[in-house]
Amino acid sequence: MQISTITRCHIRSNSFPVSRPANIYFHPLIVCTMTLFLQVCAPAVRSYAQTEQGSMQQGTLRGQITSPAGQPLPGMTVRLDQTTYGSVTDAQGYYQLANVPTGTYTLAVSGVGYQVARHEVVVISRRTTELSLQLSNHTGQLSAVTISTAQRASFTNVNKIAVPVRDLPLTTSAVSARTIEQRGIDDLGEAMKNTTGVRANNTYGGFQHFTVRGFSNFVLLVDGVRDERHNISTSAPSTNLANIERIEVLKGPASVLFGHSALGGIINLVRKRPTKEQKADFSASYGSFNTRRMRVGAGGALSKTLSYRVDVGLSETEGYRQSGVNTNNIYLALEYAPTVRDNFYFTVGANKDRYDTDTGIPMLEGGKVAPGMNVNTRYNDPADFLKNTRYDFQLRYTHQFNNALTLSDQLSYSDDNIDYFSTEELSFNAAMDSLTRTSPLYFNHLTKPLQNQLELTYTAHTGKIEHKLLVGYALSILDRKTYNGNIFGPALNATVAVQQPVLNQGNLDYYRTQYRATDETVHGIYVQEWLNFSEKLKALVGVRYDIFRGTYYTDKVDREAHVTERGAKTNIPAAALTYRGGLVYQPTERWSVYGSYATYFKPSRRVAPNGETFDPEDGYQAEVGSRLESGNRWLITASMYYMRKNNQVEGLPGGVYRRIGSAESKGYEVEAQGSPLAGLDLNAGYTYTAAVYRPFTGGHVNAVAGNTVVLAPKHMANLWANYQLQRCVLRGFSFGMGINYMSDTYANSANTYVLPAYTVLDAALGYQIGHVGLRLNVNNLANERYFSNVIITNQFYPGATRNYLVTLKYSL
């Protein structure tokens with residue numbers, strides 16, 4: 001079929017009825033492309049769905065075979081049943097089967113000391129399917145599965161034991177590198193749009209924090225190591241995602257394995273790992289708001305025992321409302337395996353980022369825009385800034401004594417510098433035609449945590465019961481100083497017009513006057529055991545004891561930051577026992593039903609101006625859920641939960657704290673992920689959350705009792721679907737569509753300000769030919785006007801208008 005010129009594209013309404021909102025404009029080129037697809041490819045797509053296994057196109061299957069303790073197994077025989085395709089794993093347990101006809105197969109793995117293990121796998125035309133298995137030397141069952149094509153992972157960093165998620169009473173979710181690439185995502189907050197139960201909040205231009213199942217208590221991990229900044233200040237900057245392989249989310253209390261403060265759950269950033277085969281990729285992007293990005297990554301083997309991975313990411317944008325962002329990071333990972341029983345894994349990362357701060361738009365009560373205000377205008381002083389420079393180091397050593405016993409130790413250190421200077425509040429004058437910049441703030445956070453996790457895992461059998469025991473000791477030593485200062489200059493508390501404002505009102509500067517020191521030591525001892533009673537019944541139990549010691553004081557300094565006066569020290573000790581228990585029942589191999597109960601605690605670090613301290617927060621979650629999967633192709637999870645948080649304290653402007661008592665959250669989630677058919681990637685979910693403040697016990701009255709918790713919407717829904725054509729003349733083309741819905745969200749505990757509900761549509765078109773890929777992303781396709789976040793009760797952040805991003809990528 002040749003097409004020399006296309007002048008018009010007609011769609012007959014009696015053949016293809018089209019309904020769309022009036023405010024969505026479809027470019028003629030898009031309409032023509034859709035018409036061409038329907039005429040040329042629709043018959044092939046229908047044929048492919050009916051005869052999926054009939055194609056003789058070829059693909060590649062590869063992965064790693066490991067022991068129950070996660071160690072590579074060399075010399076394992078890997079084959080596809082009822083075919084001639086087979087291989088033997090190398091010294092690091094890797095295998096590869098190339099030029100395999102597309103279709104569904106059963107992969108069989110066997111070797112000395114292990115019974116034959118089998119798992120269904122789908123080979124897709126012109127794509128590489130990664131399937132990594134961990135074997136059991138007693139039952140021959142799979143202990144963990146990692147499948148990139150289904151956008152799911154084994155959650156080894158979340159589980160800490162070699163057990164597949166389907167055998168655990170946990171609710172988990174994941175965002176793959178594939179989804180990140182398809183959506184053109186560059187930051188963590190945007191990535192969380194693809195996860196049920198998680199609301200991303202970006203404030204002051206670059207600070208990110210998250211509400212998980214209605215509560216803001218979560219723990220951010222990087223390769224399983226705590227990022228303590230979010231637990232001290234609630235939020236922190238996060239650099240671009242150039243080195244991220246996937247993002248894992250564990251819902252609900254996770255204190256047993258990961259320590260204090262994890263009520264809503266954990267978010268774990270899993271960075272790219274070294275590979276034995278040589279890989280390299282390069283991408284460049286350009287888009288709206290003068291957005292420019294570049295990514296470079298490479299990995300492979302340096303020797304038989306040493307492999308590497310390196311990634312560099314550069315991103316810069318002038319930003320919607322001139323809220324610019326510049327992020328730059330570099331990452332190196334080295335894996336050294338001198339013997340089959342020993343493994344050293346070392347990573348180092350560095351980023352240097354800058355953000356133009358954004359104070360938002362002051363709103364009228366009820367969340368209404370003031371007359372004459374243009375929401376596209378940013379009112380911050382041009383001198384305002386947020387800078388983040390960070391270095392982090394991790395070293396993990398693993399030794400496998402035998403097939404049943406493994407020792408691991410993970411040592412980490414980071415040096416983080418957050419430098420911030422910005423106006424934080426905008427106040428209307430009486431005529432509401434100008435704004436006064438009030439509450440300017442300067443601070444400099446210097447955070448240096450040293451952490452170590454020592455763990456011993458042991459697999460044993462008592463009769464027919466299989467045990468996987470994890471015993472660990474965690475040590476965290478935190479050194480943090482926060483400098484504050486006086487702000488001066490003719491632009492202090494300047495007034496700017498609402499319409500056509502002159503943003504530069506003169507010089508504004510600061511000098512340091514004091515710092516607040518935070519010295520903390522946490523010891524945690526924990527035990528977790530997974531029990532396999534039968535093919536249908538499993539259990540998970542765990543307990544942890546934490547000893548927290550915090551010392552806080554404020555020293556005055558001169559302009560050169562030399563201490564001039566020592567402040568009194570406040571000691572806040574705390575200790576807590578947390579635990580988890582749950583059961584999994586599996587009527588069939590691919591369907592599981594589970595229930596769990598878990599607790600958490602969060603030490604209070606707050607010291608009021610009068611020296612008052614507060615009791616630690618504590619709470620719990622009860623949950624029931626179900627998981628249904630189809631081999632490595634798709635996964636559906638559903639869960640219902642009830643969560644309680646006690647001893648809450650709310651921070652108010654001016655360093656004032658107010659007790660707001662307990663809160664509860666109850667709701668349910670449904671999520672579907674995977675590849676229902678070749679070429680289709682699907683990620684969809686719905687969350688219902690009812691999070692409210694509870695009355696005080698005793699005679700005191702809680703003024704906000706019964707109100708909805710701040711930033712806890714009742715309804716959230718997300719969808720991302722991307723389909724790449726497989727068997728027609730337009731093979732290599734792909735198109736995607738995304739929808740994100742957020743219901744009304746209250747901005748303050750009194751529920752007097754509300755972020756109105758909104759729905760945002762995204763779309764994408766792509767083309768892949770050989771090693772080269774070209775992709776166009778259009779976000780907020782309908783140009784919806786909405787408000788995404790809020791600070792100080794009434795200062796709302798407008799969401800970006802319609803914008804595009806074009807990306808060119810080359811991969812080896």
Side-chain angles (χ1 to χ4, degrees), residues 60 126-128 130 148-149 151 175-191 193-194 238-247 269-275 277-300 308-319 324-333 347 349-353 679 681 683 720 722-725 731-736 738 762-779 800 803-812:
T60 300
R126 302 177 65 186
R127 286 170 60 182
T128 298
E130 295 185 2
S148 63
T149 56
Q151 304 187 60
V175 182
S176 70
R178 187 174 181 82
T179 299
I180 292 172
E181 179 180 330
Q182 289 173 355
R183 300 205 70 166
I185 292 171
D186 193 45
D187 70 81
L188 180 59
E190 287 294 301
K193 294 194 308 184
N194 301 278
S238 182
T239 192
N240 65 64
L241 304 180
N243 59 8
I244 298 301
E245 178 63 31
R246 68 182 184 274
I247 303 169
L269 303 180
V270 181
R271 295 181 291 190
K272 297 175 181 178
R273 293 184 63 92
T275 54
E277 64 274 16
Q278 294 294 329
K279 291 183 176 181
D281 55 82
F282 169 83
S283 69
S285 304
Y286 182 81
S288 300
F289 317 127
N290 198 22
T291 299
R292 292 95 67 200
R293 299 178 190 169
M294 186 180 73
R295 303 280 185 271
V296 180
Y308 78 99
R309 175 75 197 187
V310 62
D311 287 280
V312 178
L314 309 176
S315 296
E316 187 172 10
T317 180
E318 294 177 4
V325 176
N326 185 310
T327 60
N328 311 271
N329 65 44
I330 185 169
Y331 163 74
L332 171 67
T347 64
N351 64 268
K352 188 176 182 64
D353 305 335
D681 295 320
N683 189 315
W720 175 254
N722 189 88
Y723 182 70
Q724 181 169 329
L725 304 182
R731 183 177 59 194
F733 276 97
S734 64
F735 51 91
D762 300 331
L765 291 174
Y767 181 64
Q768 183 75 34
I769 178 170
H771 298 292
V772 180
L774 182 65
R775 194 165 191 86
L776 168 66
N777 289 90
V778 181
N779 299 316
N803 59 92
Y804 74 91
L805 184 75
V806 178
T807 301
L808 178 66
K809 182 177 181 180
Y810 182 80
S811 302
L812 289 177

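Residue numbers count from 1 along this sequence.
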Quiz item: Of all residues at least two apart in sequence or in a different chain, which pass the ring pair (Phe, Tyr, Trp, His ring centres under 6.0 Å) check with Tyr804?
Solution: none
Practice problem: Determine whether Ile180 and Val175 make a side-chain contact, defined as any pair of heavy atoms from C-beta on separated by less than 4.5 Å. | Solution: yes
Practice problem: Tell me, please, which residues at least two apart from Ala763 pass side-chain contact (heavy atoms from CB on, under 4.5 Å). | Solution: Met737, Leu781
Quiz prompt | For Thr327 against Asp353, the heavy-atom pair lying closest together | solution = CA-OD1, 3.1 Å
Practice problem: Would you kindly say whether Asn194 and Thr179 are connected by a side-chain donor-acceptor distance under 3.5 Å? | Solution: no
Quiz item: Which residues satisfy the side-chain contact (heavy atoms from CB on, under 4.5 Å) test with Asp311, sequence neighbours excluded?
Solution: Asn243, Lys272, Arg309, Tyr331
Self-check item: Straight-line distance of Leu776 CG to Phe735 CZ, nearest 0.5 Å
Solution: 14.5 Å
Exercise. Answer yes when Glu130 and Arg246 have at least one side-chain N-carboxylate O distance shorter than 4.0 Å, and no when they do not.
Key: no
Exercise. Would you give the length of the straight line joining atom CD of Glu190 to atom CD1 of Ile185, rounded to the nearest 0.5 angstrom?
Key: 6.5 Å
Exercise. Looking only at non-hydrogen atoms, find the nearest pair between Gly313 and Ala242 and report the distance.
Key: CA-CB, 3.6 Å
Quiz item: What are the two closest heavy atoms between Ser315 and Arg293, and how far apart are they?
Solution: OG-CG, 3.7 Å
Quiz item: Distance from Ser176 atom OG to Asn683 atom CG, nearest 0.5 Å?
Solution: 8.0 Å
Quiz item: Within a radius of less than 6.0 Å around NZ of Lys352, do more than 12 heavy atoms belonging to other residues, nucleotides or ligands occur?
Solution: no
Quiz prompt | Residues Asn328 and Asn326: side-chain donor-acceptor under 3.5 angstrom | solution = yes
Donor-acceptor contacts, no H, no angles, side chain residues 805-812, under 3.5 Å, sequence neighbours left out:
{"unit_1": "Thr807", "atom_1": "OG1", "unit_2": "Ser285", "atom_2": "OG", "d": "2.7"}
{"unit_1": "Lys809", "atom_1": "NZ", "unit_2": "Glu181", "atom_2": "OE1", "d": "2.9"}

Exercise. Using a 4.5 Å cut-off on heavy atoms from C-beta on, say whether the side chain of Gln768 contacts that of Gln724.
Key: yes
Exercise. Taking the side chain as every heavy atom from C-beta outward, state whether Val312 and Arg295 have any atom pair closer than 4.5 Å.
Key: no
Quiz item: Taking only residues two or more places apart in sequence or in another chain, which ones pass side-chain contact (heavy atoms from CB on, under 4.5 Å) with Tyr308?
Solution: Gln278, Ala298, Leu302, Val310, Leu334
Quiz item: Which heavy atom of Ala764 sits nearest a heavy atom of Trp720, and at what distance?
Solution: CB-CH2, 3.9 Å
Self-check item: Residues Asp762, Lys193; criterion side-chain contact (heavy atoms from CB on, under 4.5 Å); working and verdict
Solution: CA-CA 12 Å; Asp762 300 331; Lys193 294 194 308 184; 3.3 Å; yes
Quiz item: Can you name the nearest heavy-atom pair linking Thr275 to Gly299, along with the distance?
Solution: OG1-C, 4.0 Å
Quiz prompt | Nearest heavy atoms of Ala191 and Leu241, plus distance in Å | solution = CB-CD1, 4.1 Å
Exercise. State, without any angle test, whether Asn240 and Asn329 hold a side-chain donor-acceptor pair at a distance under 3.5 Å.
Key: yes
Exercise. Scan residues 766-775 for pairs that pass salt bridge (Lys or Arg N to Asp or Glu O under 4.0 Å), counting only residues two or more places apart or in two chains.
Key: none
Quiz item: If you round to the nearest 0.5 Å, how far is CG of Leu269 from CD of Glu245?
Solution: 12.5 Å
